[in-house]
Each structure stands twice: as structure tokens, then as C-alpha cells.
Amino acid sequence: MIAHSLLFARPQDAAGGDREEPPYFHDLRLDQVVASITRGREDYRLGPLFHAVLPTADAVAYRHEVVRDLSGSDVAAALTGFSSGIRAVLDRHAHPTHPIQKDLDFLASAGAYVEVVCRLAGDLRDAAVRSRGLCGLRDYLRAYLESPPFAALAQETGDLTDALAGLRYSLHVRGGRIRVGRAAGACDYGAELEAVLAPFDAGPGPDRPFLSAGPRPLTRVDVLVLEAVAELNAETFERVRMFRGEYAAFVDETLVAVAREAQFYLAFQDFANGLAGIGVRFCLPEVSARSKEMSAREAADLALADKIARDGGVLVRNDFALRGPERIMVVSGPNQGGKTTFARMIGQVHHLAAIGLPVPCGAAKVFLFDCLFTHFAEEERASGGHGKLEAELLRLHDLLERATPRSLVILNEMLSSTSAQDAAAIAGRVMERLVDLDLVCVCVTFLDELSRSGDTTVSVVGAVEDGAVRTFRFRRAPADGAAYAASIAARYGLTYPQLRERIRP
Amino acid sequence: MNVLLLNPDHDVVPDVPLAPHHRQAGHDLRLEAMVDAMAGGDDFLADVARRVVPAGLDEVPAIRYRQDVLADCLRHPDVIRDLYALAAAAVRQESGSVLGAMAHSPSLKLQRSIDVLGMFAETLAAVRRLGANEGAPFRSAGLTRFFTTVTTRFGDGYLGSLREHLRALRFRNGVLISAGLHPSGAGTDYSLGRPPDGRRTAARTRNGIDIRIADGDDSGAQALAGIVDLGVARTAAVLARTTDRILAFFRHLRFQAGFYVGCLNLHRRLGGAPVCWPDPVSRESVELSCRGLYDVCLALAAPDRHAVGNDLDAGVGLIMITGANQGGKSTFMRAVGLAHLMMQCGMFVTAASLRATVRSGVFTHFPRDEDDTLTRGRLDDELARLSSLADTMTGGALLLLNESLSSTNEREGAQIAAEIVRALVERDVTVVYVTHMYELSHRMYLEQGNAAVFLRADRLPDGRRTYRLHPGAPLATSYGQDLYRRIFASGGAS
């Protein structure tokens, strides 16, 4: 039974933590974002943890507390080490067949487990953690370490590991014959030679690393040597054999779950850190289940940011807000001017907030939705003219049926398959329903009329500079164009003051 | 252990790539002619010259140090040539060693190190003998110290003990290894015991358990070889490192002796043409005075023609050269640049006398081949190159500008150039500027006054050039117009 969770205040909720991908994931490009976040951590099956939204502000707060604790790098590093340590114990890649090797392998993984658990307990004891999630884990570990089964495991593992580590044997190889014996003292001819060759030690020349003698697959001859060593040290190897029988199942179920849950936070933290270089900032949003206001400064679209971080480019950040009675944000602007990105970004921010994670904004305030609906133009499923409009209207109808006053609806270029007159009329109706429902909506459209749908509607426009240069910035009022002016010399840093500054004495 | 023939306190790393501005200066100053003369047909010597000459020293004592060594070499040319030959042979033999870079396994590496070290030991003995015969008459600190170090470090005792260890490492009585147990059951922390002599070892491992690899069991033999590899790995690494270090010593020696051999070659090629030891001056004062300075590369290219020497007294921050086209302006500027490179690499210079401030670097900005500027506009290209020079240039540098900023109209070019020159001069960069832009030179004449020297290329009344430069204010008409009229005379209808 899971006794503690880093994701849920009540451990029993953890069972429902794995969900199918929500329908809006693809429209908001959250599928790509989550794939990017979890890349390289496939073993943990993290995807489902990013799907399920939280029902209450307190559930969100529980995760925010953990996020804050993890922003101290010590705690994050401790959990990173713990997760990968537990993973390594669970997926032991070596599957030895020889009985002596099996015994040794079992002992090694018990040793690794003990070490990983003790290290995390120690790290958390010293760390300044304040979250319910991590304080609870600290308490759980303290009790676990003191429990008799673990204490006995740790003791016996340590004793046997030390005994084996202290073994040394000698090999005298001559032709095809090896004589295995107990090593008579540590003679190191390499070191002796080093002293002889010392006159060159201060000289130029690169150092060569010693050949690594780390884990390697055992050859047939290695096994023969191992058997000889075991025979020369029979008592120790008998204890190792007994150990494997006595401590068959030593891994704790709750700690395995914690190792996975920690990765939910760590994966996101790494992802967020990776975007810092291109100027994406993250903050913990203020999340309300009562108010329907939203406001964010310097928000970024994560799918685009992730692409820019990989392929280069300039990231544009935008502010957005709906305050007081405002409910519907109508977004218009030039083609290819970033409208879809802007709307998608608002959806992403709300989903991330609803799973208790930081959002890609300088500062943000969001509301906790019960359901998020997206309605995007469907290029692939297009079945032509009439059929397409029909399918779209069916989808809109379904959406309006299911939406509640606490839903967030994102409409992107709806009704683009029909005439503007038809579209305006139908969209007007849809807008009325949305206004009546008093839900929060972001509506990207080419229909100017929609921005005048009522008192609760605000209009946001993609700004254009002089000369029709797109800025990918969105404002409630059109932005002024900024003039570029620079002399050609200044562009190369070669004006008198610039150059004077550049030449160091 | 260091060679220290080029620098009193460190060995220059032979294969560091040249800084771009060094390469550019070498290209613009047509250094290749000098490189060829220094190489005398030896590609390695050409490479040494290409690296050492442009990357000059910036301290007077360091320059004197090389001048002293070079003076010794000029007195005893055979010793430095022999030293170079020994080092070159050792490096060549190493790279020709049978197993070479193919040796991946520690056992093969060990084998190779034993062979190479044996050869190196003989070469070291030969170098020592060279010093024993010839060491006494040297006057320079560099060569004296070099032979003293070699003689004391590599005495007979040391070389004898080295040979003995190399013999033991042939493992006539098998290999003795000790190991610990890795948690996987494999061995770990292998170390090599002193190579056994027959009887002693038998006693030591009397209570052991024997494993035999059957004849013809190839995979077993291979696995056993793998264990031996682990056992000798550290020893092989130690020996390989020593081999690398002695090899590095010989590489440094080949490189450094090679520089002096190059200087000897150049000296020989110049025949009787006048050379002198330059008098380097530290950066506190700005000095540049010479008598009979000529372009070494031009002299090498046309040994029959007597190179025209120029005199100069210009302890100032700006030297502007104007006047007749093909009147020797660029040649003189190159001669100034080359003289600085030669002085600062510790060499003699091609002049009757030269006294000059040691520069923090010699930078050049010459017109580019047309092909290079296809992607950018020509002005953009010029400015970008100037900007990258500004990234590396510091106060105390010497900057040679050859018709810079003439790729745009004269007014704009002069405007930009005047600002650049003013900033550079204020930052203690000495600028030598060859230009036909009267707007610029005239403005500099008014602005810089006594802080600049203005030289003009002469032309005789009959139009012939003397290739001599004389002090003189810029003239409003450029002789280039002559050329223009002559070329365009027939087709000047429009």
C-alpha cells in the first residue's frame, strides 16, 4: 500500500493520478511539450502524471509547496539521485547465470538500495524543506530506517560488502597457465616505475588515463578465477549465498512510487531550466477556484519556446488579462502574426496551473477550470464543404452542451469553412451562448464583429509596426512602430566612442 | 622537462593554431617568401617559421634572449643543425614504429613503449655527447642551460637503470598480477607485481589453485590476454606517458632548434645583403627609427636587384603615406611590418640599423581579393574585418592600413576612417596608413599636426619612380589620375 505521495495530499488519490491524454492536448501542443519534458525518462512513464488536472486550490497548493522546496538545488539533486538510484535497483541490467555471480549481484543491489535510501534520508534531514509532501517523506523515511527489517538488511549488507571489498588475490600468468593465490601484500610495479621515470614528470606531455577496470561482462576465464577465489575464501562466499535467501524482497513500494513522482517535478524543472537561456521565465501562479480573472505578464508558448531552444530563433513574450466582469477575449491581427500561438499559450498556462506546476510567465494569476475545451480548425479531418461545416457545428454543439460556468473555452478560427456572412451570424449566436454561460473564453477570429459582442468582451490585436512588420506582440491597443536607425559604422562598433571603449590598454 | 631555447621560462606549444590576425598579417606582408628561405626545402622548418615569426615576443628581455641564442648559432652553426637532426630523427622513428597508433591493448602499448623508450635513450645519450663536445664555447643563457640540464638529468646511471627496467618488462618468467573483487564478480583494481624471476614466485604462490587454458582454446586465450591487459594497464600507461613526455621533449627540441636552423638558412640566402641586430625598446616610449630598411621578401624574390632602403624617424602614433601609385608605399609599409615581426621573433632585421618599440601585436588591414566579398558588400566586409581586429587589438599594437575604407565614396570613407584613426591613436595604437584619400590625409594633417608623420612617395619629373619615401604633406591631386587618363584617354567620349 502506498503510504505517502509527493503529488497528492491524500495518498489514496495517487491511484487516480494516471489519466488518459485530455482531448485538448494536441490542439494546445501539450502533447509535444510533455513529450519533450519527459524525454529521456521513459522508464518512469511520466506522461499520465501530466494529464490529470487537480480539483481544488489546496491540491494545487500541495504541489506548489513541493516545487518551492525543489527550487533549492540541494533537494532537487537529492531526489534526482534517489530516483535514478531506485531505478537502477529495479532495472538491474546484469542477469548473471552463475550462482556465485547471482549471489554477488543480489548483494550489490541490496547495497545500492540501502545506500540510496539512507542518502535521501540524510539529505532530507539536513535540508530546509517545508512542503507537506517532502516533510511527510522525511518522516516516512525516518520511521522506515528505524524499522527492524531495514536495519537488519543494512547491517548484513554492509558487513558482507566490506568483507568482499577487502579481498585481494594474485594471478601468476605464464603461457596458458594461471595460478590463483592469496595476494601477498600490495606490490605495484607501475608505481615503482613511475618513481624511476620521475625526471620527466615535470616536463611537457599529456597525461594518459589509466585503463578503466569498471564493470565488464565476465569471460569464461573470469568465472574460473572467481570460482578459485570463492574456494580460497569459502566462508565469506557461503554467507553471501545465505543472504540472498533471507532478504528476497527488500524494495519498499511507497519509495518506488515516490521515485517516480519526484521525476514529475524534476523533469519539469529541467525542462524549464533549459528554456531559461532563451528568456522564458517561470513562476508559480496564483490559482483561484472562485474568481474567474486571469492575468499574466511575459507569458511564452512552450511548444514554440522548446523549438526555439533547439533550432534557434527569437522568442516573443506576451501579457494577457481578463479582469472584473471581462470573460471573453477576442484575438485578431495579421495573418501569420502569432494569434494561434497566443491563444494556445493561454490554454497551456491554465493546464499547467491546474496540474500544480509553474507556468511560463513572469507573473500569473489564473482560475481553476473544471473543464478545458478547445475548438481548432481541423485540417486533416476536412471532408469538404457542407460535411465539414456540419462536423464543425456538431463539435460546437457538443462543446456548448458540456461547458459549465467554470469552463475555459479556446476557439481558434471557428467557421472558417463557410462564408463570412454565415460565419458571423452563427458565431454571433455561439458568442451569445458563451456570454450566457458566463464562462471564460479566448476566441481567435477574423470576424471583427465578435469583438463587440458585449460588455464582457475585450479585443486584443496583434501589433504591426510601420512598414507592416509583424511583431508577434498582442496588445489591447495597437502598438506604435519603433524606428530602427543606426549608422553603418555603429553596426560594427566602429564609431569613435565605441572603438575607444573596445581597445583595451 | 623543458627545452627553453625560444623562451627563458616556457616552451611554446608547437601545434597551437595561429591566431587569425597572425595568419592575416603573414598573408598581407607576403611572409611566404621568407618562410621558403627559412625552410630551405624542409617542410617542417617552413611550418616552424610560419608559426614563430608572426607570433612575436612582446618583452625586450625575451627578445634579447633569442638574439643571444641566435648569435651562438651563427657562431656554431653545426651544433644547432645536429641538434635539430637528432630531434627530427627521434620524432620520425617514433611515428614510424611498427605498432604505432594501432596499439590499443595495454600489452601492445607496453611493447611499443619499450621499443620507443629504448630508441629515445640512445638519442638522449647522443644529445648529451653533443653538449659534452661543444657545450663549453656557448655564450647564450639558452644553449648553456640546455646542455647543462641534459647532462645532469640523463647521466649514465639514469639511462642504465632505464634500460634495466625495459628488460624486466619483457616478462621472461610470466606476469604477476594482483586484483580485488568487483561486486560483479570480475576482478578490479588490478596491479602489476615486480616481474618474477623463476624461483621466488613459485614459493610465493605455493598454495594457489591452477587454471589451465587448453591448447587451441582461442577464446580462452583471448580472455586470459584480457586479464593480463588489465594487470599491465597502469604500467603501460606510465610508460606511455613517459614515452609521450620524452617525445614531447623531442618535438619541442625539433621545433625550437628548427627555428634557429631556419634563421641560419635565411641568413645564408640573403648572402651579403645588409642585416643588423635591431635595438628593441620597451613600450614606455614610442620609437621607430631606421636606416636603409628594405623589404626582406622583395629582396629574396629578386636577389639580383638591389633593394631600395628607406630611412625613417617616426616616434609618433600615426604615419600617413600618400603619393604616387606604384611608388613603393605598400612595399615600405610591408618592410616596416616585417621588420617588427623579425625583431620581435628575435631575429636580425634587413636594415643598416633599426631601433623600435616592441609592439603588443602587428595587425594588418589590406584590400581583399574580390572573390571573398561576394556575400557582403565591400564596405561591410572592410568594416567587419576592422571590427574583428578591434576585438583582439590592444594598446601598443602596430596597425598597418592599406587603402582601408576606400570601398565607399571618399567623403563617407574619410569620415569613418578619421574616427577610427582618432580612437586608435588615443588608445596608443600606432597606425601606418597608406591612402589616396586626400580628404582623409588632409584632415589628419590638420588634426594630428606634430603627433603624426606624413610621408610621400616620390615621382621624378619624367614619371619614373624612385621607390623612396620622403616627409611631405599630402597633395590634393593623386597621381592615380595619370593612370586614369592614360587608360581612359582613347575612350573618353562620354
Side-chain angles (χ1 to χ4, degrees), chain A residues 94 100-101 104 108 164 167-174 176-181 183-184 186-190 193-194 196-197 199-200 202-208 210-211 213 215-216 218-222 224-226 228-229 231-232 488-489 492-496 499-500 502-505, chain B residues 1 11 106 153 161 165 174-181 183-186 188 190-194 201 204-205 207-213 220 223-224 226 228 230 233-235 237-238 240-242 244-246 248-249 252 383-384 386-387 390 393-395 416 419-420 422-423 426-427 429:
Chain A
I100 300 179
Q101 281 181 271
L104 289 172
L164 291 174
L167 281 183
R168 258 196 107 67
Y169 58 90
S170 71
L171 300 171
H172 185 189
V173 183
R174 194 172 185 181
R177 203 198 73 176
I178 315 167
R179 170 160 286 195
V180 186
C187 173
D188 191 346
Y189 187 57
L193 270 175
E194 243 170 324
V196 172
L197 299 169
F200 276 105
D207 271 5
R208 291 199 180 175
F210 294 134
L211 190 85
R216 60 189 172 91
L218 270 67
T219 64
R220 187 154 49 80
V221 177
D222 285 320
L224 290 174
V225 171
L226 177 60
V229 171
E231 196 180 326
L232 289 168
I488 185 158
Y492 290 96
L494 292 172
T495 62
Y496 168 75
L499 189 54
R500 215 175 168 284
R502 289 174 70 187
I503 305 292
R504 284 162 291 113
Chain B
M1 133 148 216
D11 282 339
R153 291 265 178 106
S161 132
H165 281 287
V175 187
L176 185 63
I177 295 164
S178 78
L181 192 66
S184 69
T188 186
Y190 289 91
S191 71
L192 182 66
R194 181 169 260 285
T201 332
R204 192 186 291 172
T205 53
N207 300 320
I209 295 168
D210 277 346
I211 300 167
R212 277 173 206 283
I213 308 296
L224 178 56
V228 172
L230 291 165
R234 176 170 181 192
T235 305
V238 167
R241 194 177 61 195
T242 302
D244 284 353
R245 286 188 170 158
I246 303 185
F249 172 78
H252 280 285
L383 290 170
L386 273 170
S387 181
M393 208 176 344
T394 58
I416 298 172
E419 291 230 327
I420 289 173
R422 193 154 63 96
E426 279 181 31
R427 281 294 183 219
V429 173

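Chain A is the first sequence line, chain B the second, and so forth, proteins listed ahead of strands; every chain is numbered from 1.
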> If you count heavy-atom pairs under 4.5 Å with chain A, which of B:A390, B:S161, B:G226 comes out on top?
Replying inline: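 Of B:A390, B:S161, B:G226, B:A390 has the most heavy-atom pairs under 4.5 Å with chain A.
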> Highest number of heavy-atom pairs under 4.5 Å with chain A: which of B:G174, B:S387, B:A223?
Replying inline: B:S387
>> Taking side chain as everything from C-beta outward and backbone as N, CA, C, O, which of these in B:V228 sits under 4.5 Å from a heavy atom of chain A? Side chain, backbone, both or neither.
In response: side chain
Closest non-hydrogen atom pair between [X] and [Y], with its separation:
| X | Y | answer |
| --- | --- | --- |
| B:G180 | A:Y169 | O-CE2, 3.8 Å |
| B:S191 | A:R168 | OG-NH2, 3.6 Å |
| A:L494 | B:L383 | CD1-O, 3.4 Å |
| B:E419 | A:Y496 | OE1-N, 2.8 Å |
| B:G220 | A:V221 | O-CG2, 3.5 Å |

Roughly how far, to the nearest 0.5 Å, is [atom2] of [Y] from [atom1] of [X]?
| X | Y | atom1 | atom2 | answer |
| --- | --- | --- | --- | --- |
| A:R179 | B:I209 | CZ | CD1 | 10.0 Å |
| A:H172 | B:D210 | NE2 | CG | 11.0 Å |
| B:I420 | A:Y492 | CD1 | OH | 12.0 Å |

> Non-hydrogen atoms of chain B under 4.5 Å away: do they reach the side chain of A:I503, the backbone, both or neither?
Replying inline: both
> For A:R220, is it the side chain, the backbone, both, or neither that has a heavy atom closer than 4.5 Å to a heavy atom of chain B?
Replying inline: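 For A:R220, side-chain heavy atoms alone lie under 4.5 Å from chain B.
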>> Please rank A:A228, A:G176, A:P505 by heavy-atom pairs under 4.5 Å with chain B and give me the top one.
In response: A:G176
> Using a cut-off of under 4.5 Å for heavy-atom pairs, which of A:R177, A:R502, A:Q101 has the most such pairs with chain B?
Replying inline: A:R502
>> Determine whether a donor-acceptor pair (N or O, by modelled atom type, separation under 3.5 Å) exists between the side chain of B:R427 and the backbone of A:L499.
In response: no
> Taking side chain as C-beta onward, heavy atoms only, is A:L226 less than 4.5 Å from B:L181?
Replying inline: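 Yes. Closest side-chain heavy atoms under 4.5 Å.
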> Do B:L224 and A:T219 pass the side-chain contact (heavy atoms from CB on, under 4.5 Å) test, and can you show the C-alpha distance, the side-chain angles, and the key distance before you say yes or no?
Replying inline: CA-CA 9 Å; B:L224 178 56; A:T219 64; over 6 Å; no
>> Checking side chain to side chain contact (heavy atoms under 4.5 Å, CB included) between A:L193 and each of B:T242, B:L192, B:T235, which is the one that passes?
In response: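 Going through B:T242, B:L192, B:T235 one by one, the side chain to side chain contact (heavy atoms under 4.5 Å, CB included) with A:L193 is satisfied by B:T235 alone.
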>> The criterion is salt bridge (Lys or Arg N to Asp or Glu O under 4.0 Å); which residues satisfy it with A:R500, sequence neighbours excluded?
In response: B:E426
